[in-house]
Student: 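Have a look at this one.
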Amino acid sequence: MLLRDALAFAVSRLATAQVPSPRLNAELLLRFTLSCDRAYLHAHPERELTTEEIHLYQQALSERSSGMPAQYITKHQEFWGMDLLVGPAVLIPRPETEHLIETVLPLARAGSNSRIADVGTGSGCIALALASELPSAEIHATDISAEALEIARANAARHQLERRIHFHQTDLLHGLDAAGFDFVVSNPPYVGEHEQDEVQLEVRKFEPRHAVFAGPTGLEVIERLIPEAQVALKPGGWLVIEISGTIVAQVRRLLGGWDEVQIIADLQGLPRVAAARKP
Ligand SMILES: C[S@@+](CC[C@H](N)C(=O)[O-])C[C@H]1O[C@@H](n2cnc3c(N)ncnc32)[C@H](O)[C@@H]1O
């Protein structure tokens with residue numbers, strides 16, 4: 001089969017399966033199958049695919065048609081300009097989470113040698129972005145999931161940041177130094193089970209449930225994290241967490257005793273990050 005024909009077939013197969021942006025997905029999966037860039041696809045429409053390549057491409061198309069996110073097929077996602085490994089054990093890093101990095105950086109750069117804890121590190125995206133931007137920061141990353149930490153460690157090694165980040169398999173901040181941190185940052189699970197129907201089917205079906213859903217209301221992890229962060233932070237230290245519009249009012253209430261509470265909106269104008277300073 002010619003490359004051009006394989007691509008045309010794939011676009012129609014993905015469109016029939018109601019995959020959004022079928023051409024983009026067809027090209028992405030063909031680039032993944034052939035380990036090539038987009039320019040190569042366009043320069044070689046007459047290239048004959050091998051039987052093995054056709055088989056691999058069909059397999060990728062059938063996974064994508066079942067709703068599996070392309071990132072779990074290609075095993076890669078970009079975050080903060082870094083290519084990260086991902087797999088079904090971790091949440092796929094979202095562009096909105098870059099707002100959290102943008103919030104932390106100026107605060108951290110105003111001080112020196114920050115100690116930072118990233119709670120629920122998943123792929124390690126937040127810890128890695130902060131380690132790459134803040135060369136003198138000491139970073140600790142926690143996750144309850146051993147499989148997620150394995151991926152986060154692999155990402156740290158790929159970016160030569162493994163000596164900068166200390167990984168801990170633990171519940172939130174358990175076992176980390178009390179009053180030892182300048183920053184506690186986190187993109188915790190914050191979706192409530194009552195919101196299930198509003199969550200995309202792809203997310204519900206393929207992303208780790210404990211990474212997305214916090215419990216019945218969505219607040220269950222954050223309401224434990226806030227008092228734990230209060231213990232872990234030095235006086236004047238910052239808590240910076242990702243949130244959603246559904247829980248913003250409750251998060252404000254939970255941050256009642258904190259100083260300089262700020263809610264930062266994302267590009268859609270929705271509340272996305274809460275930052276607050278320990279008195
Ligand atoms: C929403 S994901 C965020 C992953 C990553 N930080 C990101 O921004 O893409 C939440 C992460 O928190 C972890 N997690 C859930 N409950 C936890 C807990 N009690 N203690 C530590 N980590 C937890 C999950 O395993 C998951 O990796």
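In each ligand, atom 1 is the first atom listed, and ligand 1 is the first ligand listed. Being a predicted model, the structure only gives us computed values, none of them experimental.
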Student: Classify the side-chain pair Glu242/His99 by whether it contains a donor and acceptor separated by less than 3.5 Å.
Tutor: no

Student: Side chain, backbone, both or neither: which applies to Thr97 and ligand 1 if a contact is any heavy-atom pair less than 4.0 Å apart?
Tutor: side chain

Student: Report yes or no: does a heavy atom of Val221 sit under 4.0 Å from some atom of ligand 1?
Tutor: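 Contact check Val221 vs ligand 1: negative.
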
Student: Do Ser114 and Glu138 have a side chain donor and acceptor closer than 3.5 Å?
Tutor: no

Student: Taking the six-membered ring for Trp, are the ring centroids of Phe181 and His140 within less than 6.0 Å of each other?
Tutor: yes

Student: Is the closest side-chain donor-acceptor distance between Asn155 and Ser123 under 3.5 Å?
Tutor: no

Student: For ligand 1, find out whether one of its N or O atoms is nearer than 3.5 Å to an N or O atom of Leu172.
Tutor: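 Min N/O separation from ligand 1 is below 3.5 Å for Leu172.
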
Student: What protein heavy atom lies closest to atom 10 (C) of ligand 1? Include the residue and the distance to one decimal.
Tutor: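 The answer is Asn187 O, 3.4 Å.
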
Student: If you count the atoms of ligand 1 from 1 in the order shown, which ones are under 4.0 Å from a heavy atom of Thr170?
Tutor: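 Those qualifying, in numeric order: 20 (N), 21 (C).
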
Student: Considering non-hydrogen atoms of the protein only, which is the closest contact for atom 2 (S) of ligand 1, and what is the distance?
Tutor: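 That would be Ala211 O, 3.5 Å.
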
Student: Check the side chains of Glu53 and Thr33 for a donor-acceptor pair under 3.5 angstrom, ignoring hydrogens and angles.
Tutor: no

Student: So which bit of His210 gets within less than 4.0 Å of ligand 1, heavy atoms only: side chain, backbone, both or neither?
Tutor: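 Under 4.0 Å from ligand 1, His210 contributes backbone and side-chain atoms.
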
Student: Counting heavy atoms only, which of Val90, Thr121, Asp171 comes nearest to atom 5 (C) of ligand 1?
Tutor: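 It is Thr121 whose heavy atom sits nearest to atom 5 (C) of ligand 1.
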
Student: Looking only at the side chains, is there a donor atom on one of Trp80 and Glu133 sitting less than 3.5 Å from an acceptor on the other?
Tutor: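 Indeed, the side chains of Trp80 and Glu133 share at least one donor-acceptor pair under 3.5 Å.
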
Student: Gln58 and Arg13: side-chain donor and acceptor closer than 3.5 Å?
Tutor: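 Present: a donor and an acceptor within the cut-off.
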
Student: Between Glu207 and Arg94, does at least one N-O distance fall below 4.0 Å, as a salt bridge requires?
Tutor: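 Result for this pair is yes, salt bridge flagged.
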
Student: Starting from atom 11 (C) of ligand 1, which protein heavy atom do you reach first, and at what distance in Å?
Tutor: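 So the nearest neighbour among protein heavy atoms is Gly120 O, 3.4 Å.
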
Student: Just which atoms of ligand 1 are under 4.0 Å from any heavy atom in Arg224?
Tutor: 19 (N)

Student: Which part of Cys125 is near ligand 1, with near meaning a heavy atom under 4.0 Å away: side chain, backbone, both or neither?
Tutor: side chain

Student: Please state which option from Asp143, Ile144, Thr142 has its nearest heavy atom closest to atom 16 (N) of ligand 1.
Tutor: Ile144

